[in-house]
Amino acid sequence: MVADVALRISSDYKDREPVLIGVLKGAFIFLSDLTRHLTISVTVDFVRATSYGPNISSSENIRLTKGIEIDIKNRDLLVIEDIVDTGLTLAFLYDYLRSFGPKTVKVCTLLDKHERRKASTVIDYACHVVEKGFLVGYGLDYAERYRGLPEIYKLKF
Ligand code: 5GP
C-alpha cells in the first residue's frame with residue numbers, strides 16, 4: 001500500500017520537489033518507507049503536534065511542540081500523517097503551515113479512520129481506510145509502546 005501511494009505521489013509531483021512534512025512521532029516509520037519508494041526528489045522536515053496523552057481519548061486542545069525549520073514559502077507541501085481520526089490535528093497543522101505562504105498543501109496519511117471525524121479535512125492520499133478501533137504498530141503507539149511492531153494491530157482493552 002505504501003509503494004502504491006508512493007507511485008501516485010511520484011507521478012503527481014513529477015518535475016516538482018515537494019516538502020514532506022512528517023508529523024511526529026507516529027509517522028516516522030511510514031515517512032521512512034514512503035520516502036524510499038518515491039522516484040522524485042523531496043525535502044523533508046518535521047512538525048509535532050500533541051493531542052493525545054497517555055490515554056486514547058482525543059483532546060481538542062492541540063499544541064504545537066515542534067515547528068518547521070526550513071523555508072516553505074512558495075513550496076509544495078505534503079503533510080505525512082500516521083492516522084487521521086477526528087481530523088482536528090490535521091486542521092490545526094493545515095492552518096499553521098498555510099501561515100508560511102506555501103504554494104500548495106496536500107495530505108497523505110497511512111490510515112484514514114472515520115469513527116470520530118469532526119473536522120472536514122481533505123485527505124489527498126490514504127494507504128488504508130479503517131472505520132474504528134485504536135491501532136498500534138508501524139510507528140503508532142499506546143502510551144509510547146508498540147511503535148516498533150512491524151504490522152498494525154487493533155488494541156484490545
Ligand atoms: P486527530 O486529531 O485526527 O483526532 O488525531 C490525530 C492523532 O491522534 C494521530 O496523529 C495519532 O497520533 C493519534 N491517534 C488517533 N487515532 C489513533 C489510533 O487509533 N492509534 C494511535 N496510536 N494513535 C491515534
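Just follow the structure's listing: the first ligand is 1, and inside any ligand the first atom is 1. All values below come from the heavy atoms of this structure, side chains included, with hydrogens, waters and symmetry mates left out.
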TODO: Using non-hydrogen atoms of the residue, decide whether Ala119 is closer than 4.0 angstrom to ligand 1.
DONE: no

Open item on the list: Check contact between Phe134 and ligand 1, using heavy atoms of the residue and a distance below 4.0 angstrom.
Closed with: yes

Open item on the list: If we count only N and O atoms by modelled type, under 3.5 Å, do the side chains of Thr43 and Arg75 hold a donor and an acceptor together?
Closed with: yes

Open item on the list: Does only the side chain of Asp82 get under 4.0 Å from ligand 1, or the backbone, or both, or neither? Count heavy atoms.
Closed with: side chain

- [ ] Report yes if Val136 has an N/O atom closer than 3.5 Å to an N/O atom of ligand 1; otherwise report no.
- [x] no

Task: Side chains of Leu110 and Leu140 in contact at under 4.5 Å (non-hydrogen atoms) - done: yes

Task: Options Thr109, Thr50, Ile83, Ile62, ranked by nearest heavy atom to atom 14 (N) of ligand 1, top entry - done: Ile83

Open item on the list: I need the minimum non-hydrogen distance between Pro102 and Val105, along with the two atoms involved.
Closed with: CG-CG2, 3.6 Å

- [ ] Could you tell me which atoms of ligand 1, counted from 1 in the order shown, lie closer than 4.0 angstrom to a heavy atom of Glu81?
- [x] 10 (O)

- [ ] Using the test salt bridge (Lys or Arg N to Asp or Glu O under 4.0 Å), find all partners of Glu144 that sit at least two apart in sequence or belong to another chain.
- [x] Lys25, Arg147

- [ ] Decide whether the shortest distance between a heavy atom of Asp141 and an atom of ligand 1 is less than 4.0 Å.
- [x] yes

Open item on the list: List the residues meeting side chain to side chain contact (heavy atoms under 4.5 Å, CB included) with Ala3, not counting sequence neighbours, and say none if there are none.
Closed with: His37

Open item on the list: We want to know whether Tyr138 and Asp82 form a side-chain donor-acceptor pair, criterion being a heavy-atom distance below 3.5 angstrom.
Closed with: no

- [ ] Provide the number and element of each atom of ligand 1 under 4.0 Å from a heavy atom of Lys113.
- [x] 16 (N), 17 (C), 18 (C), 19 (O)

Task: Close approach, Leu90 and ligand 1, non-hydrogen under 4.0 angstrom - done: no

- [ ] Using a strict 4.0 Å cut-off to heavy atoms of Gly133, name the atoms of ligand 1 that fall inside it.
- [x] 19 (O)

TODO: For the pair Arg98 and Asp95, find out whether any cationic side-chain nitrogen is under 4.0 Å from an anionic carboxylate oxygen.
DONE: no

Open item on the list: I need the contact type for Arg116 against ligand 1. Using non-hydrogen atoms and a strict under-4.0 Å cut-off, is it side chain, backbone, both or neither?
Closed with: neither

Task: Numbered atoms and elements of ligand 1 in range of Gly87, under 4.0 angstrom, heavy atoms - done: 1 (P), 3 (O), 4 (O)

Task: More than 12 heavy atoms of other groups within 6.0 Å of Lys103 NZ - done: no

Task: Where Thr104 and Arg16 come nearest, the two heavy atoms and their spacing - done: OG1-NH1, 4.4 Å

Open item on the list: With the threshold set at under 4.0 angstrom, would you say Gly26 reaches ligand 1 through any of its heavy atoms?
Closed with: no

Open item on the list: Taking 4.0 angstrom as the limit and counting only heavy atoms of Thr86, give me the atoms of ligand 1 inside it, by number and element.
Closed with: 1 (P), 2 (O), 3 (O), 4 (O)

Task: Heteroatom proximity flag, Val84 to ligand 1, N/O under 3.5 Å - done: no

- [ ] May I ask you to check if ligand 1 and Tyr142 share an N or O to N or O distance below 3.5 Å?
- [x] no

- [ ] Determine the minimum heavy-atom distance between Leu31 and Ile80, stating which atoms define it.
- [x] CD1-CG1, 3.7 Å

